[in-house]
Peer 1: 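Would you mind keeping the following structure in view while I ask a few things?
By convention in this document, chain letters (A, B, ...) are assigned in the order of the sequence lines, proteins followed by strands, and residues within each chain are numbered from 1.
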Number of protein chains: 2
Amino acid sequence: MELAAAKLKFIEAWGKLGSEWGINRTMAQVHALLLISPEALTTEEIMENLSISRGNANMTLRDLIGWGLIEKQHKAGERKEYFFADKDVWNIARQVAKERKKRELEPVLKVLNELSAVTGNEKDPELITFKKSVADINKLAGNVDKTLETMLKAEESWFWGSVLKVFK
Amino acid sequence: MELAAAKLKFIEAWGKLGSEWGINRTMAQVHALLLISPEALTTEEIMENLSISRGNANMTLRDLIGWGLIEKQHKAGERKEYFFADKDVWNIARQVAKERKKRELEPVLKVLNELSAVTGNEKDPELITFKKSVADINKLAGNVDKTLETMLKAEESWFWGSVLKVFK
DNA sequence: ATAAACTTTCAATAATTTTTGAAAGTTTGA
DNA sequence: TCAAACTTTCAAAAATTATTGAAAGTTTAT
């Protein structure tokens, strides 16, 4: 397979994966494009490459900056802004984990804790089942939270070394 | 907080979390409802409880069965089908991990392997960057795959015991 | 102060996803 | 065999989400 075709395929696959995981398709594609680009690109180049509008490109790039996945770069003597992606895949994974933890896991943990305080007749099967479900999910979510916390601080080789060693 | 209010809040929170992770909102809500229900419910009851149509309820229930998260139950002497959810949260986590691995991770691994075979001028920075990105993602995805594989086979207490012990 | 170069905004539009509900299909018991 | 009880299908409608593009905004150089 040639590079040009491979690039298209990669961008498409990344976009699909993103959309399956609740990330805007275009955002994932822009990220893919920057990830495989050795040079920083301008908004113009990104628009052209992916056939998207200026407004879409602008908003998507801002979102990606918000996720901590890309950065702006200024070239001396130029007015244009260039964008480039962090190429370290472990950093990317950590950054995504960090943001989703903050945006999704933490709010859910907060709700679960509130729901633990539900009151009622302690003999009611409805209440018993409810409390057990909430408690169990809470426990699992707590473990996920702790593991992510470790991952956020860890070096890739240490993390996988430890995990895979345990699991032989 | 009273049970009725708590249930609503739980169903809403579960639905929101689902939609943030690429799972249909209604599907997550039906799952939530069955998860906190001590008894199996009929399509009719689910429709009423969540104010959804018969068609929607039927399709959603089929999807949930496809994900291995709920099952049909037949009550002696009744024509109606009852649905109930596995209440073991670790089983749920495993089931979701298993399905997403199969539906999403494995196809991506397949594409990444194909993309590793890209050809071209080995001095071209475009090609160098592309190959490195693909190789790095491949490695990470491979580690995730192995860890999920372990998780699928493991008991909850063993899994978290091992992971959390390593991470102190 | 002006104009060119560039970025941002956002209402309108388009695309996609979800839901509805009535009709068709199936199963069961008499 | 019939009809009641129940389930499934799917085209149309609704809801949601993403995209466009032109206008407004900003920055910089002269």
Side-chain angles (χ1 to χ4, degrees), chain A residues 11-12 14-34 39-67 69-84 100 103-104, chain B residues 11-12 14-34 40-67 69-84 103-104:
Chain A
I11 289 168
E12 194 194 350
W14 211 237
K16 179 151 173 274
L17 186 67
S19 70
E20 284 164 342
W21 285 85
I23 283 149
N24 177 311
R25 194 189 165 64
T26 300
M27 188 168 142
Q29 289 184 335
V30 170
H31 182 236
L33 177 64
L34 290 174
E39 302 290 338
L41 301 180
T42 62
T43 302
E44 209 77 32
E45 288 170 315
I46 293 163
M47 287 165 59
E48 241 172 64
N49 232 299
L50 301 175
S51 306
I52 61 175
S53 71
R54 185 173 300 285
N56 195 4
N58 184 267
M59 290 188 122
T60 297
L61 288 165
R62 275 217 274 107
D63 281 354
L64 281 169
I65 289 171
W67 276 81
L69 295 176
I70 68 171
E71 285 177 48
K72 284 185 186 176
Q73 191 175 67
H74 287 285
K75 295 207 177 177
E78 292 213 45
R79 295 275 302 269
K80 272 177 290 199
E81 288 178 329
Y82 286 76
F83 298 90
F84 72 100
R100 297 204 87 147
R103 297 176 194 206
E104 291 142 28
Chain B
I11 289 167
E12 195 194 349
W14 211 238
K16 180 152 172 272
L17 186 68
S19 69
E20 285 165 340
W21 285 84
I23 285 149
N24 178 312
R25 192 189 168 65
T26 300
M27 185 168 145
Q29 289 184 337
V30 170
H31 183 236
L33 177 64
L34 290 173
L41 302 179
T42 62
T43 301
E44 209 77 35
E45 289 170 316
I46 292 163
M47 285 165 58
E48 244 173 59
N49 231 297
L50 301 176
S51 307
I52 61 175
S53 71
R54 184 173 303 283
N56 195 4
N58 183 268
M59 289 189 121
T60 297
L61 288 165
R62 273 217 277 107
D63 280 354
L64 281 168
I65 290 171
W67 275 81
L69 295 175
I70 69 171
E71 284 176 48
K72 283 185 186 177
Q73 192 173 68
H74 288 282
K75 296 208 176 176
E78 292 215 45
R79 293 274 303 267
K80 272 178 290 198
E81 289 178 328
Y82 287 76
F83 299 90
F84 72 99
R103 296 177 193 206
E104 291 143 27

Peer 1: Could you grab the distance from atom CG of A:Leu50 to atom CD1 of A:Ile11, nearest 0.5 Å is fine?
Peer 2: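 Atom-to-atom, A:Leu50:CG and A:Ile11:CD1 are 5.5 Å apart.
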Peer 1: Please give me the minimum heavy-atom distance between A:Trp67 and A:Met27, naming the atom from each residue.
Peer 2: CD1-CE, 3.2 Å
Peer 1: If you take all heavy atoms of A:Leu34 and A:Phe83, which pair is closest and at what distance?
Peer 2: CD2-O, 3.4 Å
Peer 1: If I compare all heavy atoms of A:Glu45 with all of A:Ala40, which pair ends up nearest, and what's the gap?
Peer 2: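 Scanning both residues completely, I find the closest heavy atoms to be OE1-O, 4.3 Å.
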Peer 1: Could you tell me whether the side chain of B:Glu81 reaches within less than 4.5 Å of the side chain of B:His74, counting heavy atoms only?
Peer 2: yes
Peer 1: Stepwise, does the side chain to side chain contact (heavy atoms under 4.5 Å, CB included) test hold for B:Lys75 with B:Lys80?
Peer 2: CA-CA 8 Å; B:Lys75 296 208 176 176; B:Lys80 272 178 290 198; over 6 Å; no
Peer 1: So which heavy atom on B:Ile70 is nearest to which on B:His31, and how close?
Peer 2: CG2-CD2, 4.3 Å
Peer 1: Earliest and latest nucleotide of DNA chain D, 5' to 3', sitting under 4.0 Å from a non-hydrogen atom of chain A?
Peer 2: D:dA18 to D:dT28
Peer 1: Please work out if B:Arg62 contacts a base, only the sugar-phosphate, or nothing of the nucleic acid, heavy-atom cut-off 4.0 Å.
Peer 2: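 Counting heavy atoms under 4.0 Å across all strands, the contact made by B:Arg62 is with sugar-phosphate only.
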Peer 1: Which ones in residues 72-81 of chain A lie close to DNA chain C, meaning a heavy atom under 4.0 Å from one of its atoms?
Peer 2: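 Result for residues 72-81 of chain A: A:Lys72, A:Arg79, A:Lys80, A:Glu81, sorted by number.
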Peer 1: For DNA chain C, which residues in residues 41-51 of chain A have a heavy atom at a distance below 4.0 Å?
Peer 2: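 Output list: empty, so none.
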Peer 1: Search all heavy atoms of B:Ala28 against all heavy atoms of B:Gly18 and return the closest pair with its distance.
Peer 2: CB-CA, 4.2 Å
Peer 1: Write down the distance between CG (A:Asn56) and C1' (C:dA14), rounded to a whole number of angstrom.
Peer 2: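 So the two atoms are 12 Å apart, to the nearest Å.
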Peer 1: C:dG21 P sits how many Å from B:Ile52 CD1, rounded?
Peer 2: 12 Å
Peer 1: Does the side chain to side chain contact (heavy atoms under 4.5 Å, CB included) test come out yes or no for A:Lys16 and A:Glu12, once each step is laid out?
Peer 2: CA-CA 6 Å; A:Lys16 179 151 173 274; A:Glu12 194 194 350; 5.9 Å; no
Peer 1: Please tell me if the side chains of A:Trp14 and A:Gln29 come closer than 4.5 Å, counting only heavy atoms from C-beta onward.
Peer 2: no
Peer 1: Would you mind telling me which residue lines up with the more 5' stretch of DNA chain C, A:Gly55 or B:Thr26, judged by nearest nucleotide?
Peer 2: A:Gly55
Peer 1: Starting from P on C:dT16, measure out to NZ on A:Lys16 and report it in whole angstrom.
Peer 2: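 Result: 15 Å.
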Peer 1: Applying side chain to side chain contact (heavy atoms under 4.5 Å, CB included) to B:Trp21 and A:Arg100, what does each step give before you reach the verdict?
Peer 2: CA-CA 10 Å; B:Trp21 285 84; A:Arg100 297 204 87 147; 3.6 Å; yes
